[in-house]
J.: 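Got a structure here, written out as C-alpha cells. Questions coming.
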Amino acid sequence: MKTARTLIALIFIASALSAGAQTGHDLQDDGLHGTVKRIDAMMYETHYDLNDNLENGDRLEHLITEYNDRGQRRQMVYLSVAEEVIFRTRYKHDGFGLTTLEHIVDNHDRVVGRTYYIYNSDLVLTETYVEDEERQIESRLLLKHDALGRISQRSYNDHVNDVFKREVYTFNPDGTINKAVIYDRSKTKVQEKRWEYDEQGEPTSYTLYDYTEEEPEMFITLYEREYDSHGNWIKCVEYDLLGDRKIPTYTTIRTIEYF
C-alpha cells in the first residue's frame, strides 16, 4: 500500500541500502556527502496535469534534520502540514562520535520514548532497542554483519524478544544491496525486494514481490533524482509502474545547508 510509504522512509532509504548502513556515524548512515548542517525536506502528492506535465498537489509531510560540525545528527523535527511540531528526536553521542541514545520528544517537550544503540568491542552497531514512555521495551532490532562488515541480516524482535520479521541481504559487486528476502515469525518467506541504482549509488527502481496472498503480487516503484554539486539529492520524484505507464505519486524536495 502506498500509504505505508512516508517521507521518513524516503529520507533514510540511503541508510537502509548502504553497505555500511547503521554504523552509528550519522552523516554516513544518512547517505550524505560534504559538511551538511541542515536538511529541510518536503513531501508532496504528485500527479500529471492536463498536458501530461508533473504537478505537485497537497503537501504531505515536513521533516527538518540538523547536524553539528562533526557530522553528528543533533535533532530531527517532524512537522504537520500546518507547520506545528508533531514530535522531535534528539541524539546523544559517545567519545567515538557514535550515536548512543535517541530521545523522542512530543510537542510539549516531554520525552515519550527512547532508542538505544548498542555496539560490540569493534565499535560495530549490533543492536538497537526502543523504550516507551514508561521505560518498557517495545521492540529490538538485531544486526548481523558479513566478513566485509556489511549488514547481512536484520532481525526485528517484539517486546518479549521474539523475532517477528527477519530480512536477509545479498549484495552487488559494488557493495550496494541487490536483494532482501523477508521472513515472518514462522520463518516463511513473505516478501522479496530488489533494487537498481544510478551512478551516485541511489536507487532508481524498487521491486517488491509479495507472497502473503494466495496469488503472489509484484509492485515496481521508480525514482528520478536531481543532485547538487556535493552529490546529495535535492529532488526525488517517485512513480508507480503500471504496465508501460509511469504514474507519479510523490515528490520530495530537500533544501540542504552546509557549514
Side-chain angles (χ1 to χ4, degrees), residues 4-32 36 39 41 63-68 70-78 86-106 110-146 148-169 171 175-177 180-185 187 191 193:
R5 295 189 188 152
T6 65
L7 173 59
I8 300 169
L10 184 57
I11 293 299
F12 286 106
I13 196 169
S15 67
L17 299 178
S18 170
Q22 296 190 358
T23 63
H25 296 284
D26 299 330
L27 280 179
Q28 180 181 343
D29 288 353
D30 293 351
L32 295 167
V36 175
I39 298 179
L63 171 64
I64 297 173
T65 308
E66 298 177 350
Y67 303 85
N68 61 27
R70 297 182 296 279
Q72 298 166 336
R73 201 182 302 122
R74 293 180 55 244
Q75 70 171 352
M76 300 177 71
V77 183
Y78 303 84
I86 301 174
F87 68 94
R88 68 182 76 227
T89 57
R90 295 172 177 160
Y91 299 85
K92 291 187 176 182
H93 303 83
D94 64 12
F96 297 100
L98 301 174
T99 304
T100 57
L101 175 61
E102 173 185 343
H103 283 117
I104 304 168
V105 183
D106 66 14
R110 181 172 58 96
V111 176
V112 294
R114 296 169 177 83
T115 301
Y116 293 87
Y117 297 75
I118 310 300
Y119 303 85
N120 63 18
S121 58
D122 296 321
L123 305 182
V124 174
L125 182 64
T126 58
E127 178 185 349
T128 67
Y129 65 92
V130 178
E131 289 182 345
D132 63 17
E133 187 175 357
E134 284 75 36
R135 307 299 294 266
Q136 300 298 309
I137 293 178
E138 290 186 333
S139 62
R140 293 182 185 271
L141 173 63
L142 304 180
L143 305 174
K144 289 185 178 180
H145 301 75
D146 64 15
L148 298 178
R150 302 174 299 196
I151 293 175
S152 57
Q153 179 176 290
R154 286 182 170 92
S155 295
Y156 298 83
N157 293 27
D158 59 23
H159 66 286
V160 294
N161 213 25
D162 289 335
V163 176
F164 64 87
K165 183 174 74 170
R166 182 177 286 112
E167 297 185 354
V168 180
Y169 305 95
F171 297 88
T176 54
I177 293 178
V181 179
I182 295 88
Y183 301 90
D184 66 9
R185 192 182 295 270
K187 300 182 180 180
Q191 290 181 333
K193 305 174 184 178

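Numbering of residues begins at 1 and proceeds along the displayed sequence. What you see is a predicted model; the values in this text were computed from it and never measured.
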J.: Dump the intermediate steps for side chain to side chain contact (heavy atoms under 4.5 Å, CB included) on L63 and V77, then the final yes or no.
T.: CA-CA 6 Å; L63 171 64; V77 183; 6.0 Å; no

J.: Would you please classify the geometry between the Y129 ring and the Y116 ring as parallel, tilted or perpendicular, with 30° and 60° separating the classes?
T.: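 Taking Y129 first and then Y116, their aromatic rings lie parallel (interplane angle under 30°).
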
J.: Give a yes or no answer on whether the side chain of T89 reaches the backbone of I104 with a donor-acceptor pair at less than 3.5 Å.
T.: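 No, T89 side chain to I104 backbone: no donor-acceptor pair under 3.5 Å.
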
J.: Going through the distances and angles, do R154 and V168 end up as a side chain to side chain contact (heavy atoms under 4.5 Å, CB included)?
T.: CA-CA 7 Å; R154 286 182 170 92; V168 180; over 6 Å; no

J.: What distance do E131 atom CD and R114 atom CZ have between them, rounded to the nearest 0.5 Å?
T.: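 One gets 6.5 Å once the value is rounded to the nearest 0.5 Å.
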
J.: How far apart are the C-alpha atoms of L143 and E127, what are their side-chain angles, what is the distance that settles it, and do they pass the side chain to side chain contact (heavy atoms under 4.5 Å, CB included) test?
T.: CA-CA 6 Å; L143 305 174; E127 178 185 349; over 6 Å; no

J.: Any sub-3.5 Å donor-acceptor pair from N68's side-chain atoms to R70's backbone N or O?
T.: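 Yes; judged by distance alone, with no hydrogens or angles, the pair exists.
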
J.: If only atom types and distance count, is the side chain of D122 paired as donor or acceptor with the main-chain N or O of V124 below 3.5 Å?
T.: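 No; judged by distance alone, with no hydrogens or angles, the pair does not exist.
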
J.: Mind checking whether D162 and N157 have side chains closer than 4.5 Å, heavy atoms only?
T.: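 Not touching, per the 4.5 Å side-chain cut-off.
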
J.: Please examine the side chains of K165 and I182, heavy atoms only from C-beta on, and report whether any two atoms are closer than 4.5 Å.
T.: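 I182 vs K165: side chains touch.
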
J.: Just verifying a value: how many Å separate L98 CG and L125 CG, rounded to the nearest 0.5 Å?
T.: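 The CG atom of L125 is 8.5 Å from CG of L98, to the nearest 0.5 Å.
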
J.: Look up atom NE2 in H145 and atom CD in Q153, then write down how far apart they are to the nearest 0.5 Å.
T.: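 Those atoms lie 11.5 Å apart.
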
J.: Using side-chain heavy atoms (C-beta onward) and a distance below 4.5 Å, is R74 in contact with Y67?
T.: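 Result no, sub-4.5 Å side-chain heavy-atom pair not found.
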
J.: Is any side-chain heavy atom of E133 closer than 4.5 Å to a side-chain heavy atom of V111?
T.: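 No; the side chains remain at least 4.5 Å from each other.
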
J.: How about Y183 and V163: do any of their side-chain heavy atoms sit closer than 4.5 Å?
T.: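 Sidechains of V163 and Y183: no contact.
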
J.: Can you tell me how far the CZ atom of R90 sits from the NE2 atom of H103, to the nearest 0.5 Å?
T.: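 Those atoms lie 9.5 Å apart.
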
J.: Show, in sequence, the C-alpha distance, side-chain angles and deciding distance for I64 and I39, and conclude whether the side chain to side chain contact (heavy atoms under 4.5 Å, CB included) test is met.
T.: CA-CA 6 Å; I64 297 173; I39 298 179; over 6 Å; no

J.: State the OG1-OH distance between T65 and Y78, to the nearest 0.5 angstrom.
T.: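 These two atoms lie 7.0 Å from each other.
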
J.: Which of these passes side-chain hydrogen bond (donor to acceptor under 3.5 Å, both in side chains) with S155: E167, R166, K144?
T.: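 Of E167, R166, K144, side-chain hydrogen bond (donor to acceptor under 3.5 Å, both in side chains) with S155 is met by R166 alone.
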
J.: Test R185 against D158 for salt bridge (Lys or Arg N to Asp or Glu O under 4.0 Å), laying out the working first.
T.: CA-CA 10 Å; R185 192 182 295 270; D158 59 23; 3.1 Å; yes

J.: Is NZ or CZ of R73 both nearer than 6.0 Å to the six-membered ring centre of Y91 and within 45° of the ring axis?
T.: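 Cation-pi check for R73 and Y91: passes.
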
J.: Give me the atom names and distance for the closest heavy-atom approach of I151 to F171.
T.: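 Closest pair (atom of I151, atom of F171, distance): O-CZ, 3.1 Å.
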
J.: Mind checking the CZ-CZ spacing from F87 to R110? Nearest 0.5 Å is all I need.
T.: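 So the gap between those two atoms works out to 13.5 Å.
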
J.: Do the side chains of T99 and Y119 get nearer than 4.5 Å, heavy atoms only?
T.: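 Yes. Closest side-chain heavy atoms under 4.5 Å.
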
